[in-house]
Amino acid sequence: MTVFQAPSLESLVSELTKLPGVGKKSAMRIAFHLLRSPREEVDALAAYLVDVKEKIDLCTVCGNYTETEPCELCKDPRRDGRIICVVEQPSDVFLIESTGEFRGRYHVLHGALSPIEGIRPESLKIGELVARLQDGEVQEVILATNPTVEGDATAFYIGETIKERNVNVSRIARGIPMGGELEFSDQLTLARALKGRRGLE
Amino acid sequence: MRLESLRLNDFRNYAELSIEPGGESVAIWGPNGRGKTNLLEAVFLLGTTRSHRTRKDPELVRFGERVFNVNATYVRDGGGKTSLSLGYQTGGRKKGIVDGKEVARLSEMVGRCGVVLVSPEDVEITSGEPERRRHFLDLTLCSVDAVYLRRLQELARILKQRGQILRDSWESNRARLLEPWDRQLAATGFEITMARRRAIEELAPHVAAAYAGLVPGGEALTVRYRPGIGQEVETEEAVFEKIVARREDDMRLKRTTVGPHRDDIAMTLDERSIRSYGSRGQHRSAVLGLKIGASRLMRDRLREEPILLLDDVFTELDAGRSDRLAGMLGEAGQVFATGTERAGLGRYFPGAIRFSFREGGALLREE
């Protein structure tokens, strides 16, 4: 498929098409935009792309993306270490942070249980969560996995796994459109959902 | 709800069609294969976002084209207008537009215009597998209850995930892995069961009355729910216990044996099973009874008369039943009826706007 008679452009478009939410049309628009952009801007973008892969790693404590070890959120002494909010993805941390409602710490699972996709408990950072409950500082765990059947299954599973520990476990309230994902709910509903969390029966 | 105008573009065999019933009932006749059913299908599609004949959207696009559009304007029973539009491009997904605004999810469009369709294949509802009867009930309930539709989607997902664990026989400690899915199967399954039980309780008297109206002096039609979680199960916890008790069997059979996906609706005439003993005529009347019951349930829940779509119904009924059916529908909402004979339809729907197919295939309104 050679539409442009320029192999480098072909490759760029085909790489861009792999990005989430980017179709063939958008990929071409981005590629042509880059071609028209000043050299410095494109250099900077390319450098950042490499940078994030080189500098960013998973925090060994919470599993979130970080440039420091442990991450800024885990280090921050002003945050309440007695509460942990468990989420599926790093982007969920960002969303909850932007509500300003939560002052505890986070734990990122990197997914949700899904047997059909081969995602088993060992595929998620559940063991790491259990390890964080060892020293007894944590008193409450909020399970803020997505309100999908997979998110609910994950919350149930973690609830069962840590029920013997001496912590309060709550599930984020469904103020979120049902079957939706955290990413799609607006910040207000998310803030309400966090406030209205209930104990996991 | 009454349909005022309908426009089709490259839908099935129609390059372009525009009709304006203005809320009146419509009678369409013409030979088979001209597109009578396609027209009813379009109205059904706007009401349910799905075709009653196919799951494959590309089949709905006119041959040689890539895009179809179906638009309609309606007037509500209490006054006030609304419009629905559904479009599809080959390779894409259907898009729904309600009052000029595109909906984020197609499910938001379901039930905006209640529709009940009766087609010749519906005889399978009373004579076929339980799946047919569940589908009938789901179709009725999805139009009146958006939460029910979500629950059904959840149930399908839960069963799929649970089924995978049942098949992964190499997994150790499968009971522990099943636990979270069993909890959800119990919760969602219980809710669906309650919704279906309530719906059948609402439906049953309407269905019985409609059957008695169609077959005067006939047998008593009874409709009973046979839930797949068991008749005696009264709480979510009890459903969960039952699921847990069946885990070993499920793992051996590699499928889930407790849940609403195993529901059935038992229908009897004077306590004899229609499915086993019903005559062809009894099946037809029972199906019509179910459909009229469904339209009454939708009317009660939506506070809006659904549109009735009768596809070639009268050719299969004797004159007496046809007369009685038409009489019953006279008190209901707008009807779209198709037939191959002009005389029949004209007699049963004297007030309807009449359309017929002319030489060359065009659908024309008769004066």
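Since the structure is predicted, the reported quantities are computational estimates derived from the model, not experimental observations. Chain letters run A, B, ... following the sequence lines, proteins first, then strands; residues in each count from 1.
Taking 4.5 Å as the limit, every side-chain heavy atom of B:Glu179 sits out of range of all side-chain heavy atoms of A:Phe156. Contact check for B:Pro180 versus A:Asp152: no side-chain heavy atoms found under the 4.5 Å cut-off. Between B:Arg183 and A:Tyr157, every side-chain heavy-atom pair lies at or beyond the 4.5 Å cut-off. Two residues are said to be in side-chain contact when any heavy atoms from C-beta on lie closer than 4.5 Å; B:Arg157 and A:Ile116 meet this criterion.
The pair A:Glu160-B:Arg176 does not count as a salt bridge, with every side-chain nitrogen at least 4.0 angstrom from each carboxylate oxygen.
Other residues, nucleotides and ligands place more than 12 heavy atoms under 6.0 Å from the NZ atom of B:Lys94. For B:Arg226, the CZ atom sits in a packed shell: over 12 heavy atoms of surrounding residues, nucleotides or ligands are nearer than 6.0 Å. Under a cut-off of 6.0 angstrom, the local environment of CG in A:Asn166 is sparse, with at most 12 non-hydrogen atoms contributed by other residues, nucleotides or ligands. Summarising the local packing, CD of A:Glu97 is surrounded by more than 12 heavy atoms from other residues, nucleotides or ligands at distances under 6.0 Å. Environment of CZ in B:Arg247: crowded, with over 12 heavy atoms of neighbouring residues, nucleotides or ligands closer than 6.0 Å.
Residue A:Thr161 touches chain B through both its backbone and its side chain, counting heavy-atom pairs closer than 4.5 Å. B:Arg162 does not touch chain A: none of its heavy atoms, backbone or side chain, sits under 4.5 Å away. With a 4.5 angstrom heavy-atom cutoff, B:Gln153 does not touch chain A via any of its atoms.
For the set B:Glu171, B:Gln161, B:Gln164, the count of heavy-atom pairs under 4.5 angstrom toward chain A peaks at B:Gln161.
A distance of 10.0 Å separates CD1 of B:Ile165 from CZ of A:Arg120, quoted to the nearest 0.5 Å.
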